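Read through the structure below, which is laid out as structure tokens, and then see the notes.
So you know, we letter chains A, B, ... as the sequences are listed, proteins then strands, and number each from 1. Remember, predicted model here, so these are calculated numbers, not experimental data.
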Amino acid sequence: MSQQNEQEFMKVRLDKTASLRQKGIDPYPTNYKRTHTSKEAETAFESSESRNAEFNQTIKVAGRIMGRRGMGKASFIDLSDIDGRLQIMMRKNVLNERYEILDDLDIGDWIGAEGTLFRTRTGQITLQSENFSVLCKSLRPLPEKWHGLTDVETRFRQKYLDLIANQDAIITVKNRSLLVGTIRTFMSDRGFIEVETPILVPIAAGGMANPFSTHHNALNRDLFLRIATELHLKRLVVGGIEKVFEIGRVFRNEGVDLQHNPEFTTMESYEAFTDYNDVMEMVEQLVSTVAKKLNGSETVTYGNHELDFSPPWPRIDLRQKILEVSGIDFFDHLEVDSLKNAMSQSGIDVSQQSSWSGLLDKLISDKIEPTLVQPCFLVDYPVAMSPLAKKSPTDGRIAERFEGFVCGMEICNAFTELNDPVDQRARFEEQESLRQQFQDAETDRLDEDFLIAIEHGMPPTGGLGIGIDRLTMLLTNNPSIREVILFPQLRSDRMEG
RNA sequence: GGGCCGGUAGCUCAGUUGGCAGAGCAUCGGACUUUUAAUCCGAGUGUCGUGGGUUCGAAUCCCACCCGGCUCACCA
């Protein structure tokens, strides 16, 4: 954008601002007491119509000017607010000298309008303005009304323009809020207590991820941003909070793509005296409840798919499934080289993998996840790739763990929590040694403070982590995580300096 | 990190073989008291992503870089 041209645009509007002040009008007043939103106004009018009553109430609405059609001694203004739009009619013979104020108004300005409602010749519900107020004079032009704003970069960098120009952006924000609110209610109704745990932590443990690091000056101490809420929540279960959950941001120092943002939101819950089978039932109930709340149905359209979230979701045995699709039984390949060879023979690129769990993860990602379209659970993971999950009582090589998948996307990870402190210590030590061996910053870390906590005794507990962003994508039909995060991470640009 | 595509007016987009930088909307001036992508008359609008190079001449060709999208790799 040309500096000069931009300044010319703004100069015109600054002149109009001055002109308003000359007319004794404050272009930036402190408040406006509206009586109706656009939708409430419409509903009120239709209700009086349905009673065959005349609408003679004076109401006050407020919003941003999104369009105007001047007709000389009458003007129509499209006013946009959080609920939608309402047309305002301004007539010179009604407004008298105040009609001149319209000369100083632009698309983008905020106004309040007072008057009564009627239908125009073409049937449009319209507010006949008897008075109006300038609420905020804007200085910059908005995106064009017809094509709107489509430039993806501008939509993400200047989210407010996206929200102004694209109705879908607002709908997604509202639905995300509804989704989180529904989850809160669901959990609360089941007796879960919501908590907040530290984001700045001395050890970023409880998951496989590379953490962000930072430094606290006063304490002269290096800290990390949490990669999960898991270990703090389990400390609370040790403390006797039998049902606990947290909805919060976690941070992982990794790449950005359609399904990943370095900061994202999870809902983790822990419920004493339950195992992963109970958690599976809860996930089905939770997600289908949210789906119904947002879409009015447990069947949801996502891209080309019709997704049916109604319980129960299929439980797919991980080992059997891998055997079916690749002919590999991971119990037959407990050594790295053996698994690597078997996968290589199945045509999988194993050049980037070094650890056994990394290889198996790659096998699952390549061969299984893409086939999981309808909601389902993969159950019973190898202990080697599940350092926080309890071993199956019937098979010590298997952990009581499951992950939920929809459209090839992992939406949750859950297990019967490992509460044997001796076993947990051994598993952490194994992770530490793997990190040394493979120089892998993402391997989980030993958290001594957590181990001491569970040495005091954590009851049998079923735990869950749900990716709120991905769930929102699925239930709002958005193909990219950047569409459901208001300010996604982008590379720096000139505007940031 | 690799590959492909893209970046031109506030917004949406054209721009031919290398030959004066274009349209619609928005903006500015004028007309218009039921319009709604209002209409009609008139006007202005540019660091062609950035920096080099080739050329008499570059939005256009070449090189490097920046930003975005898709995709592969990596990553839950």
Output the residues of residues 68-97 of chain A in contact with RNA chain B, where contact means a heavy atom of the residue under 4.0 Å from an atom of the strand; sort by number or write none. A/R69, A/G70, A/M71, A/G72, A/K73, A/A74, A/F76, A/Q87, A/M89, A/R91, A/N93
Does A/R427 come within less than 4.0 Å of A/E430, counting only side-chain N to carboxylate O? no
If you measure from the C1' atom in B/A76 to the same atom in B/C5, how many Å do you get, rounded? 28 Å
Lys/Arg N to Asp/Glu carboxylate O, A/R13 vs A/D106, below 4.0 Å: yes
B/U34 versus B/G44 - spacing of their C1' atoms, nearest Å: 32 Å
Phosphate-side-chain proximity, A/K16 and B/U27, N/O vs OP1/OP2 below 4.0 Å: no
For the residue pair A/M473 and A/I481, establish whether any side-chain heavy-atom pair is separated by less than 4.5 Å. yes
Is any side-chain N or O of A/T150 under 3.5 Å from a base N or O of B/U12, one able to act as donor and the other as acceptor? no
For A/R445, is there an ion pair with A/E432 - N to carboxylate O distance below 4.0 angstrom? no
Which nucleotide in the list B/C11, B/C67, B/U35 gets nearest to the side chain of A/T126? B/U35
B/A26 phosphate, OP1 or OP2, under 4.0 Å from A/K145 side-chain N/O: yes
Ion pair present between A/R98 and A/E130, side-chain N to carboxylate O less than 4.0 angstrom? no
Are any of the side-chain nitrogens in A/D15 or A/K11 under 4.0 Å away from the carboxylate oxygens of its partner? yes
Using the P atoms only, state how far B/A9 lies from B/C48, rounded to an integer number of Å. 9 Å
Taking the same atom, P, in B/C20 and in B/U33, what whole-Å distance lies between them? 45 Å
Within the structure provided, determine whether A/D361 and A/M385 are in side-chain contact (heavy-atom separation under 4.5 Å). yes
Do A/R119 and A/E49 sit within salt-bridge range, that is, some charged N less than 4.0 Å from a carboxylate O? yes
Please report the distance, rounded to the nearest Å, between CD in A/E144 and C1' in B/G10. 10 Å
Which nucleotide sits closest to the side chain of A/F156: B/U12, B/G69, B/U35? B/G69
Taking only side-chain nitrogens and oxygens of A/R482, does any of them come within less than 4.0 Å of OP1 or OP2 of B/G69? yes
Expected string for nucleotides 71-76 of chain B under the B/S/- scheme (protein heavy atoms, under 4.0 Å, primed atoms plus P, OP1, OP2 as sugar-phosphate) is S-SBBB
Should the pair A/D317-A/K321 be classified as a salt bridge under the 4.0 Å nitrogen-to-oxygen rule? no
Can you tell me, in whole Å, how much space there is between the P of B/G51 and that of B/C40? 41 Å
Could you pick out which residue, A/P143 or A/G123, lies toward the 5' side of RNA chain B when each is mapped onto its nearest nucleotide? A/P143
